[in-house]
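For reference, the structure is listed below as structure tokens.
A quick note: this is a predicted structure, and the numbers were derived from the prediction, not measured. Labels below follow one simple rule: chain letters A, B, ... track the order of the sequence lines, proteins then strands, and each chain is numbered from 1.
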There are 2 protein chains.
Amino acid sequence: MVAVDTSLSERKLIILKAIIQNYLETGEPVGSRTLSKYTELNLSSATIRNEMADLEDLGYIFQPHTSAGRIPSDKGYRLYVDILMEEKEQEITEREDAMLEKADKVEKVLQQAARVLASNTNYATMVSAPVNSRNTLKFIQLSQVDQEQIVAVIVLGGNVIKNKIIEVGETLSNETLLKLNMLLNTTLNGMSIDQITLGLIARLKEQAGIHSEVIGHVLDAVAEIIHVEDDMKIYTSGTTNIFKYPELSDKQSAQEIISAFEEKQQLEDLVTETLASENDHAIQVYIGDESPVKNMKDCSVVTATYELGEGMKGTIGIIGPKRMDYEHVMRTLKTLQNELDAIYNKNPKE
Amino acid sequence: MVAVDTSLSERKLIILKAIIQNYLETGEPVGSRTLSKYTELNLSSATIRNEMADLEDLGYIFQPHTSAGRIPSDKGYRLYVDILMEEKEQEITEREDAMLEKADKVEKVLQQAARVLASNTNYATMVSAPVNSRNTLKFIQLSQVDQEQIVAVIVLGGNVIKNKIIEVGETLSNETLLKLNMLLNTTLNGMSIDQITLGLIARLKEQAGIHSEVIGHVLDAVAEIIHVEDDMKIYTSGTTNIFKYPELSDKQSAQEIISAFEEKQQLEDLVTETLASENDHAIQVYIGDESPVKNMKDCSVVTATYELGEGMKGTIGIIGPKRMDYEHVMRTLKTLQNELDAIYNKNPKE
DNA sequence: ATTAGCACTCCCTTGTTTTGAGTGCTAACA
DNA sequence: TGTTAGCACTCAAAACAAGGGAGTGCTAAT
């Protein structure tokens, strides 16, 4: 995929790059005359025209209609992102003061991240909260609320807290509760959520087996709390930025994109896809049809994975028109990714 | 406000009503010829024209431009909603099978409510989660997670659970913790959140005064957990329905409305306003400028308050074009309001 | 009081023309 | 052989013109 098409001469590459960059700036189809001035190689428009005809044959650019200039195809953008674009890598680590302010709750930070990203790029953005299947259990406790209710509290790494009310038919004695708590803590402490299997729970039941009925019920509830995947939280911002780009502003497109942002389902798919992809910390670019979200077939989607610690991974992403400022977007995304990665270590919990 | 303008003859009212109903259906300015057929009173278009001229002078209708038909003004809609509209009250209680399915989590129910409402009406909808300032405390407990962390768990009426990790400098003895828990439970149990004032906390501090420093810190934290208003959760659905109405579909309007739905702040204001209004269980209609949310000055907003029990009130609302089907909307809203009101009693916690 | 009739207004649609940016091709050129 | 000037051609978009039609206000007749 990244292999350069050998049929492309140096000059064609320069011209293609010029076409794309010009189009990114203006959003207008770019013609041969414009290019003959724009490029450093001094060629007449006629020559450029010949080259452009070739580039069109090869599928990198096309005309929206006869007698119009050319615009990049998806294939063209792909080549640009993979090869042509100059990444200003060196700057990334040094420059850029923090985008995020501290905040004590993770949710706040993530919502803020989405906002910052949107205002920095003028595109629509999303940030998914980390899912924590590889997280470990730090503490577990059952307490009697009243005659018929027990509250179970579970603290995971990163100070994620889960809890639930468990309804019990009969009152449990203090003693039983104490034993149960002991048992749970000694057995489960330090284990990752993945490790706490149904088999393990079954063995616990046996060990605790005295009033098997109630206790069995309680343990089942505990297992459920631990395993129930909190449905993925996704924060969005700047959805209306898409109105800044005419190619996405018609009713049809706007409606599709915005509803994908409201009904979060599609974004969840996007996150899943991103997290599943092999090379983790890289920035991923989906151009047009490449996007896993069908509603975004006319957009480009750029995503990155961050890690709050201990396998708690989340995704940050930007959705905009295909003619998006890839350089800037990828740089900003990388910066934010770093900040989020860092946040857990430097500021474990305020 | 509800007083009928005495200058309006019976006939004018009929005509006005006809104009509005016709406009609600078609969305087109309605002219005198159309009306002379549409209305039961057999009048020629000329007569109707005279009446319409009067109605325009009185500010109930206006022309978008000379030589166009008339459309209702905000004042016209107001009159319609207050007086002209026929509410089919009787049906409400009997008919209508349940819109909501049971679900164990409140959030799910509310999200579903928003969805149902949107698909039933073809407008944009919002449902706010109840705020619980008048809720009472059922149970409170502090537990040691590790050397430096305590987790505080608080259970409120309706099984709302709040919790937080508290960082402590030094380890607290089991004994101290036990005493603290006793103290907290005996003092605070059954109190409403409003009642737990800073003064009360100060008195508690004195009573517990032994290791004043750490304990003071912990008690402050507890007070904070109790009082920190969970930021209002608002569920939305069908935002993109606004694209079905041309008068709201231009970039400008669409952008304003949609961003109000994304950045929830304005919706929160709307909820606050609704909840603050005196007559609680009534349906409220805001037409155009009447809306507390400035971004919705070209819309109509219809809201209702539901009560999950014990002063836990939330708001459901519909946002659409001024020419909205008020009857249907208000009826649907009322039905849903009843269902939500009932849900807590019939199905306290599944 | 109502209505028929008429002149007038103004938006909207439709068709026509003009403009201009851009292309492809051919022939001349270095 | 690669490059360029020149020219005819295309097509979208803008500008313009004309007609139709829905609607109004006013006047005069019923």
Side-chain angles (χ1 to χ4, degrees), chain A residues 7-16 18-23 25-73 76 246-247 249-250, chain B residues 7-16 18-23 25-73 76 246-247 249-250:
Chain A
S7 55
L8 284 180
S9 66
E10 184 71 12
R11 196 169 70 178
K12 281 197 175 57
L13 285 176
I14 294 177
I15 291 176
L16 179 55
I19 292 174
I20 296 180
Q21 285 184 335
N22 194 294
Y23 184 68
E25 284 171 24
T26 65
E28 301 285 311
V30 14
S32 53
R33 255 184 71 80
T34 319
L35 281 178
S36 77
K37 295 167 195 164
Y38 194 88
T39 51
E40 50 273 27
L41 19 94
N42 284 335
L43 292 176
S44 77
S45 59
T47 314
I48 307 246
R49 272 204 290 287
N50 290 328
E51 296 286 48
M52 286 169 87
D54 292 352
L55 283 171
E56 177 155 14
D57 287 343
L58 293 168
Y60 292 105
I61 53 180
F62 68 98
Q63 298 180 276
H65 58 83
T66 0
S67 90
R70 305 302 212 291
I71 65 183
S73 67
E247 63 265 49
S249 296
D250 63 303
Chain B
S7 54
L8 283 182
S9 67
E10 184 71 12
R11 197 169 72 177
K12 281 197 175 59
L13 285 177
I14 294 176
I15 291 176
L16 179 55
I19 293 175
I20 295 180
Q21 285 184 336
N22 194 293
Y23 185 68
E25 285 172 25
T26 65
E28 300 286 310
V30 14
S32 52
R33 257 185 71 83
T34 319
L35 281 179
S36 75
K37 295 168 196 163
Y38 194 87
T39 51
E40 50 273 28
L41 20 93
N42 284 335
L43 293 175
S44 77
S45 59
T47 315
I48 307 244
R49 272 205 289 287
N50 290 328
E51 296 287 48
M52 286 170 86
D54 291 352
L55 282 170
E56 176 154 15
D57 287 344
L58 293 168
Y60 291 106
I61 54 179
F62 68 97
Q63 298 180 276
H65 58 82
T66 358
S67 91
R70 307 301 215 288
I71 66 183
S73 67
E247 64 267 49
S249 297
D250 61 302

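Taking atom CD of residue A:Q63 and atom P of nucleotide D:dC9, one finds them 18 Å apart after rounding to whole Å. Rounded to an integer number of Å, the gap from B:L43 CG to C:dA4 C1' is 15 Å. The distance between atom CD1 of B:I48 and atom C1' of C:dA4, rounded to the nearest whole Å, is 15 Å. The distance between atom CD of B:E56 and atom C1' of D:dG25, rounded to the nearest whole Å, is 12 Å. Whole-Å rounding puts the A:M52 CE to C:dC25 C1' distance at 16 Å. Counting to the nearest Å, the P atom of D:dA22 and the CD atom of B:E28 are 12 Å from each other. Atoms CD (B:E51) and P (C:dT2) sit 8 Å apart, rounded to a whole Å. Atom CG of B:L41 is separated from atom P of C:dA1 by 17 Å (rounded to the nearest Å).
A sub-4.0 Å separation between OP1 or OP2 of D:dA5 and a side-chain N or O of A:R49 is absent. A close approach under 4.0 Å does not occur between any side-chain nitrogen or oxygen of A:S67 and OP1 or OP2 of C:dG22. Distances shown here put every side-chain N or O of A:T66 at or beyond 4.0 Å from the OP1 or OP2 atom of C:dT23. Dashed line: the shortest gap from a side-chain N or O of B:T47 to OP1 or OP2 of C:dA1 is not under 4.0 Å. Note on A:R33: every side-chain N or O is 4.0 Å or more away from OP1 and OP2 of D:dA5. Taking side-chain N and O atoms only, B:R70 has a distance below 4.0 Å to OP1 or OP2 of D:dG25.
For the atom pair CD1 of B:I61 and CG of B:D54, the computed distance is 9.5 Å after rounding to the nearest 0.5 Å.
No donor-acceptor pair closer than 3.5 Å links the side chain of B:E51 to the backbone N or O of B:K12.
Nearest nucleotide to the side chain of A:S44, out of C:dG22, D:dT4, C:dG24: D:dT4.
Results of the side-chain contact (heavy atoms from CB on, under 4.5 Å) test with B:Y60 over B:I19, B:L8, B:L13 single out B:L8 as the only residue that passes.
Of the residues near DNA chain C, A:G69 and A:N50, the one whose nearest nucleotide (by heavy atom distance) lies more toward the 5' end is A:G69. Along DNA chain C, the nucleotide closest to A:G31 and the one closest to B:H65 are compared, and the more 5′ of them pairs with B:H65.
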Please assess A:T47 against A:S44 for the test side chain to side chain contact (heavy atoms under 4.5 Å, CB included), listing each intermediate value before the final yes or no. CA-CA 5 Å; A:T47 314; A:S44 77; 3.2 Å; yes

Show your working on side chain to side chain contact (heavy atoms under 4.5 Å, CB included) between B:Y38 and B:Q21 and close with a plain yes or no. CA-CA 10 Å; B:Y38 194 87; B:Q21 285 184 336; 4.1 Å; yes

